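Keep in mind it's a predicted model, so treat the numbers as computed, not measured.
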Amino acid sequence: MSSRFQLHFLVAVIAALLVRSCSSFATPRKGGGFVGGGGGGGGGASSSASAKSKKSTLPPPPPIAADDEVAEQVARQLFGVCSHLQNPELYTPSWAHTSVPDDAAGGILVANTDIARGDIVTFYPVHSLGLRGSGNNSSNKKKKKTKKGRRRSDYLIYDSARDGVFGSKRRTTKCCIDFPALTDRKELRGQSLFLDANSERELVPGWMGHICEQGAKDSNNSNCAAIPLQGVAPLCMVVATRDIAQGETLVRDGTSNEGAAILRGRVTESGNIALTKYASEITELASYTNMAYPKDDNEEDDERSSRNNAEVAEETVQTFKKINLQYPGIQAFHRDPDIICVDHFLTEEECDRIIAKCKPHMANCVTKDPMTGVVGPDPRRTSTEAMLPQAEAPALVSKLVKLLDCREDELEILQVLRYEEGQEFKAHTDGFDDPTTAAGFENSGRLVTLFAYLSNVRTGGHTEFMELGFSVAPKKGSAVIHFPASEQLQEDKRTAHRSTPAGVDEKWILATWVWQHSRTDTRYAEERLQKLSEEII
């Protein structure tokens with residue numbers, strides 16, 4: 001299922017979930033345990049500890065606070081939302097394949113690719129969700145029951161069909177995350193949340209924070225930290241606190257789950273990087289968790305207005321080419337518009353061989369004037385280029401087709417570009433408004449841009465997306481993807497970018513574009529391209 005269809009389908013599933021009846025609360029059963037009525041994701045609810053009946057010694061129960069039932073209902077619905085988010089058929093986060101369990105090392109989590117500081121490594125799974133009242137936070141004290149057998153603290157929601165009895169004995173420091181004072185929602189004021197994971201459950205990509213190796217407190221061997229997301233409770237991200245090499249064991253900061261540290265407002269610099277880098281995805285997740293809260297009249301009016309506006313906008317909605325989001329090393333730099341990076345798309349050897357093949361054939365770059373249609377030198381672009389025939393680089397073409405989910409004849413001729421010291425490509429976009437005829441394609445348009453860095457550059461040579469406020473530094477072997485126009489052939493001017501002047505090092509890149517239709521103009525046929533060398537890459 002495509003990621004864009006997933007999101008629309010997920011909203012519908014969650015909306016359907018939340019309109020179901022959620023009026024059944026925890027009720028006592030024989031033996032003193034508690035089983036609840038399945039609100040929010042079809043799971044049961046259980047107190048985290050059972051208490052023996054002592055009617056002769058207990059004082060009369062205090063009255064139930066007016067907002068207790070609302071808090072419990074919100075908690076159940078939050079659990080239901082989280083259950084659906086953890087279904088890979090409904091939602092696949094961009095970090096789903098950043099880390100994987102290493103079976104040879106006992107199933108501990110390792111980096112599946114090189115990870116930069118501030119990258120989200122994974123999320124904590126939510127296999128149970130607890131609501132703890134403010135009156136009693138000690139697990140050693142006996143919990144007082146209120147009417148109807150309900151407790152004022154440690155109200156636990158879980159999926160009894162999958163996990164059986166999810167009691168307090170299963171909770172450990174390693175698998176439990178507390179959220180004290182991490183929400184200002186009036187429905188949960190005075191209550192705190194905690195989530196728990198069942199280590200026996202089947203692992204879900206992107207939700208494996210509970211199998212991170214936990215570092216010793218006050219030690220320096222950790223490389224990531226669990227950081228609860230304020231405003232998106234109970235979701236908790238695990239973030240790289242330093243650069244992590246592929247294959248390295250992920251070791252979680254032993255102090256990052258300490259309640260006191262969270263209460264002090266402890267937010268690491270790495271967490272701030274993640275919040276900025278994944279702002280769009282986190283906002284999207286917040287829109288789902290917000291669905292668990294009851295709406296007041298003003299919110300319902302706003303929602304109706306938004307729905308009406310969405311129906312009008314649907315007639316002119318723009319969609320973008322889908323690529324293979326399961327490709328190894330893929331990660332999102334930016335959302336809406338999507339800017340995607342693939343680490344190690346090319347090996348160092350492939351980069352060196354491409355440069356060696358093309359270097360003797362470099363010539364001044366030319367572009368097509370959009371007004372006159374004349375092809376010639378462009379003063380905005382001072383680099384040199386060579387055309388790389390697909391037949392001389394079949395392994396590269398295979399990678400491109402697999403990553404970009406396209407056919408070979410939908411790829412523009414592969415270009416290898418060299419920027420020497422001071423050379424640049426001034427601000428430009430790669431797309432066209434409406435169908436165009438160029439580069440061998442007729443009445444078509446560019447849908448995807450890919451450029452791969454073939455060399456490292458110590459200074460300069462960055463690719464800067466001016467409208468989006470960030471730039472990408474050249475990293476040998478990595479590829480960057482963006483979408484210059486929609487499938488409706490409307491140019492996305494937000495993807496305007498430029499290549500800043502190269503420093504003392506030469507900057508080499510490989511570039512190509514996916515078009516909406518096949519390349520049909522025989523003047524641009526692959527067999528007409530100059531043969532560069534006998535070597536096949």
Side-chain angles (χ1 to χ4, degrees), residues 97-98 111-119 240 242-248 277 323 327-334 339-362 365 381-388 392-400 402-404 411 414-425 448-465 470-482 497-513 532-533 535-537:
H97 301 284
T98 301
N112 192 37
T113 183
D114 288 346
I115 300 172
R117 183 185 183 191
D119 284 356
R242 62 169 174 81
D243 291 346
I244 303 172
Q246 183 177 13
E248 187 176 345
K277 185 171 183 178
I323 66 170
Y327 197 90
I330 200 165
Q331 57 181 309
F333 269 175
H334 191 276
I339 312 292
I340 294 170
C341 174
V342 183
D343 278 340
H344 306 295
F345 177 66
L346 299 174
T347 66
E348 291 207 5
E349 181 186 4
E350 287 173 327
C351 293
D352 294 341
R353 291 172 66 191
I354 291 171
I355 291 174
K357 176 184 278 289
C358 296
K359 194 169 187 177
H361 305 280
M362 304 305 289
C365 290
R381 189 179 188 185
T382 55
S383 57
T384 53
E385 66 181 354
M387 303 301 175
L388 175 60
E392 296 186 40
L396 167 61
V397 173
S398 177
K399 287 185 177 184
L400 290 169
K402 183 178 179 181
L403 169 60
L404 301 176
L411 290 171
L414 307 182
Q415 296 182 15
V416 174
L417 303 162
R418 176 177 63 187
Y419 293 85
E420 298 181 87
E421 184 175 359
Q423 290 185 334
E424 62 181 334
F425 193 173
V448 184
T449 294
L450 177 142
F451 53 87
Y453 296 111
L454 304 177
S455 63
N456 292 314
V457 180
R458 285 171 292 179
T459 60
H462 290 207
T463 303
E464 180 183 3
F465 291 87
F470 77 95
S471 62
V472 183
K475 180 181 178 183
K476 189 174 183 179
S478 67
V480 176
I481 301 164
H482 67 86
H497 56 285
R498 71 186 186 104
S499 176
T500 61
V504 295
D505 300 309
E506 287 186 342
K507 172 187 170 183
W508 288 81
I509 68 170
L510 167 83
T512 190
W513 297 264
L532 302 184
S533 69
E535 184 186 17
I536 301 300
I537 298 174

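Checked against Ile509 for a side-chain contact (heavy atoms from CB on, under 4.5 Å), the options Thr463, Leu417, Val416, Val480 give a single hit: Leu417.
In this structure, CD1 on Ile354 lies 11.0 Å from CG on Leu532, to the nearest 0.5 angstrom. Atom CD of Glu385 sits about 4.0 Å away from atom SG of Cys365, to the nearest 0.5 Å. The line from CD1 of Ile330 to CD1 of Ile340 is 5.0 Å long, rounded to the nearest 0.5 Å. Put simply, NZ on Lys507 and OG on Ser499 are 3.0 Å apart, with the number rounded to the nearest 0.5 Å. Atoms CG and CD, from Leu510 and Gln415 in turn, are 9.0 Å apart once rounded to the nearest 0.5 Å.
Nearest heavy atoms, Pro394 versus Ile536: CD-CG2, 3.4 Å. Here the closest heavy-atom approach between residue Met362 and residue Cys358 is recorded as SD-O, 3.4 Å. Across every non-hydrogen atom of Leu450 and Leu403, the tightest pair is CD1-CD2, 3.7 Å. Considering every non-hydrogen atom in both Lys399 and Thr347, the closest pair reads NZ-N, 4.4 Å. Of all heavy-atom pairs spanning Ala245 and Ala111, the tightest one is O-CB, 3.5 Å.
The neighbour count for Glu348 CD, taken as heavy atoms of other residues, nucleotides or ligands under 6.0 Å away, does not exceed 12.
In this structure, Thr113 and His344 have side chains that are in contact, with non-hydrogen atoms separated by less than 4.5 Å. Proximity of Trp508 to Lys476: side-chain heavy atoms (C-beta onward) are nowhere separated by under 4.5 Å. Side-chain contact check for Pro328 versus His97: every heavy-atom pair is 4.5 Å or farther apart. Taking 4.5 Å as the limit, some side-chain heavy atom of Ile481 sits within range of a side-chain heavy atom of Leu404. Residues Tyr419 and Val457 have side chains not in contact (no heavy-atom distance under 4.5 Å, counting atoms from C-beta outward). Counting heavy atoms from C-beta on, the side chains of Phe345 and Glu350 never come closer than 4.5 Å. Side chains of His462 and Pro474 form a contact here, defined as non-hydrogen atoms less than 4.5 Å apart. Using a 4.5 Å heavy-atom threshold, the side chains of Lys277 and Gln331 count as touching.
Although no hydrogens or angles enter the test, the distance criterion places no donor-acceptor pair under 3.5 Å between the side chain of Glu464 and the main chain of Arg498. With Asp243 contributing its side chain and Arg117 its backbone, the two residues share a donor-acceptor pair below 3.5 Å. Side-chain atoms of Thr512 do not come within 3.5 Å of backbone N or O of Leu411 as any donor-acceptor pair. A distance-only check finds no donor-acceptor pair linking the side chain of Ser478 to the backbone of Cys341 [under 3.5 Å]. Remark: the backbone N or O of Asn112 is paired with a side-chain donor or acceptor of Gln246 at under 3.5 angstrom.
Every residue two or more places apart in sequence or in another chain that forms a side-chain contact (heavy atoms from CB on, under 4.5 Å) with Arg353 is listed here: Glu349, Glu535, Ile537. Listed by chain and number, the residues in a salt bridge (charged side-chain N to carboxylate O under 4.0 Å, His left out) with Glu424 are Lys426 (sequence neighbours excluded).
The six-membered or imidazole ring of Phe465 lies away from that of His334, with a centre-to-centre distance of 6.0 Å or more.
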Walk me through whether Asp505 and Asn456 qualify under side chain to side chain contact (heavy atoms under 4.5 Å, CB included).
CA-CA 8 Å; Asp505 300 309; Asn456 292 314; over 6 Å; no
